[in-house]
Each structure stands twice: as C-alpha cells, then as structure tokens.
Amino acid sequence: MTPNSSKPRVIKDFDKLENHIQEQIKLSYPYGFSDHLIRFTNKDGLYVSALPFETDEKYYLVRMTVERAEEIIEDDDDFDDDGNLRDDVKEEYSDKYSDLDYINTDSDDEEEDSYSKDKPVEEEDDDED
C-alpha cells in the first residue's frame, strides 16, 4: 500500500470509523492488526502508532497501540480465538466488497508502508463522528 500524496490523510480511532470501513480493514488484515502498525510523528511532534489503510478517496491512519490492536481483535466476534478473521465472515466481506480494487487480502505479502520508521506526517484529523 503506497499512499497517494494527493489523497487526504485521515487519522481516526477504529471505533469512530464507519462500519463499512471497519469491515474493509478487517478483510485487509484478516490475521490481526498489531503486526502491521506503523509509527510516525504527528503534527505536534508526538509519536503515534497507527494501522494504515487506503481507499480510493482517502488514506487512513487508524490510531491504535499494539495493546489496543490486540484488544479490538479479542473483543470482536468476527475474529476467532486465535485472532484470525472467521472464514464465514471473510467470505461475507469478500463478497460484499468484491468490487473494490483497493482491498488487500494478501496481508502476509504486504510491503512496508512509506509512512513507517518515524517519518513526520502532516494529517487531517477527522474526528467529526
């Protein structure tokens, strides 16, 4: 996932994302989120960890710590006891979002994001929910 610099970058908590975006993220990261978090410096100079997710319109940085990422998966009925997206849910979401080219279902082969490794990021914080 290489972010397009012309897209707005939105930093938001997972719980504040629209349900369809949450589902697409789960489909893109079916084995959990914690191994895919990146770290960057926000506009205030503070280190933030987030899960990157790009759609056709926006580049999301879903704010979460490793602990929060694991908690989300543990508490979500869409994931099994091993932290993997359940097969029936994966099939449902795959069918539901089959027309979206940006859904990455090969998270094991994901390239490292260009926003990782403490690179400063200017963002648009979209906390209007």
Side-chain angles (χ1 to χ4, degrees):
M1 202 178 325
T2 304
N4 181 333
S5 61
S6 66
K7 291 182 185 180
R9 287 186 277 287
V10 177
I11 295 181
K12 209 170 201 182
D13 294 327
F14 186 80
D15 297 336
K16 293 183 179 181
L17 292 169
E18 294 139 341
N19 193 48
H20 71 279
I21 297 294
Q22 288 182 4
E23 291 173 352
Q24 292 171 26
I25 290 172
K26 291 175 193 180
L27 188 56
S28 292
Y29 297 100
Y31 305 109
F33 308 147
S34 61
D35 290 341
H36 303 283
L37 297 179
I38 61 169
R39 188 172 131 163
F40 63 94
T41 306
N42 70 8
K43 64 184 175 194
D44 299 323
L46 301 173
Y47 285 116
V48 178
S49 60
L51 182 70
F53 181 70
E54 187 172 5
T55 68
D56 288 336
E57 296 83 31
K58 296 180 182 178
Y59 182 76
Y60 290 92
L61 292 167
V62 185
R63 205 175 11 227
M64 66 179 73
T65 62
V66 170
E67 294 80 15
R68 180 66 183 134
E70 291 170 353
E71 183 180 287
I72 290 169
I73 299 302
E74 186 176 310
D75 293 345
D76 193 324
D77 292 336
D78 288 347
F79 290 87
D80 64 21
D81 292 339
D82 295 325
N84 300 318
L85 192 62
R86 291 187 355 242
D87 288 338
D88 60 322
V89 174
K90 188 174 185 176
E91 185 176 328
E92 175 189 341
Y93 291 171
S94 291
D95 291 344
K96 189 174 183 178
Y97 301 111
S98 63
D99 60 329
L100 300 177
D101 293 335
Y102 60 80
I103 297 293
N104 176 17
T105 56
D106 295 326
S107 64
D108 290 341
D109 298 330
E110 218 174 287
E111 294 177 16
E112 188 168 322
D113 195 314
S114 65
Y115 280 107
S116 61
K117 306 296 181 205
D118 303 329
K119 183 176 179 180
V121 173
E122 287 296 321
E123 77 274 355
E124 171 186 314
D125 197 350
D126 187 18
D127 281 331
E128 52 197 48
D129 289 1

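Since this is a predicted model, take the numbers as computed values, not measurements. Here, residue 1 is the first one in the sequence, and each next residue gets the next number.
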Got a sec, which residues hit side-chain contact (heavy atoms from CB on, under 4.5 Å) with [X], two or more places apart in sequence or on another chain?
X     : answer
Glu92 : none
Ile73 : Phe33, Phe79
Ala50 : Phe40, Leu61

Could you pull out all residues at least two apart from [X] that satisfy salt bridge (charged side-chain N to carboxylate O under 4.0 Å, His left out)?
X     : answer
Asp80 : none
Asp88 : Arg86
Glu74 : none
Asp35 : none

Heavy-atom side-chain contact between Leu27 and Lys90 under 4.5 Å = yes
message = If you define the side chain from C-beta out and look only at heavy atoms, does anything of Val89 sit under 4.5 Å from Lys26?
response = no
ask   = Rounded to the nearest 0.5 Å, how far does CG of Asn42 lie from OH of Tyr47?
value =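 Tyr47 OH to Asn42 CG: 11.0 Å, rounded to 0.5 Å.
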query = So how far is it from Arg63 CZ to Lys12 NZ, rounded to the nearest 0.5 Å?
reply = 10.0 Å
Pair Phe53-Ile103, side-chain contact (heavy atoms from CB on, under 4.5 Å): steps then yes or no = CA-CA 9 Å; Phe53 181 70; Ile103 297 293; 4.2 Å; yes
Minimum heavy-atom distance [X]-[Y], with the two atoms named:
X     : Y     : result
Pro52 : Tyr59 : CB-OH, 3.2 Å
Asp76 : Asp78 : OD1-N, 2.8 Å
Leu51 : His36 : CD1-CB, 3.7 Å
Ala69 : Met64 : CB-SD, 3.5 Å

More than 12 heavy atoms of other residues, nucleotides or ligands under 6.0 Å from [atom1] of [X]: is that the case?
X     : atom1 : result
Asp81 : CG    : no
Glu71 : CD    : yes
Asp56 : CG    : yes

Tell me, please, which residues at least two apart from [X] pass side chain to side chain donor-acceptor pair (under 3.5 Å).
X     : result
Asn19 : Glu23
Asn84 : none
Gln22 : none

remark   = Residues at least two apart in sequence or cross-chain that pass ring-ring contact (aromatic ring centres under 6.0 Å, His included) with Tyr93, listed by chain then number, are none
request  = Show your working on side-chain contact (heavy atoms from CB on, under 4.5 Å) between Glu54 and Tyr102 and close with a plain yes or no.
outcome  = CA-CA 7 Å; Glu54 187 172 5; Tyr102 60 80; 5.9 Å; no
message = One pair to check against salt bridge (Lys or Arg N to Asp or Glu O under 4.0 Å): Arg68 and Asp13. What are the steps and the verdict?
response = CA-CA 10 Å; Arg68 180 66 183 134; Asp13 294 327; over 6 Å; no
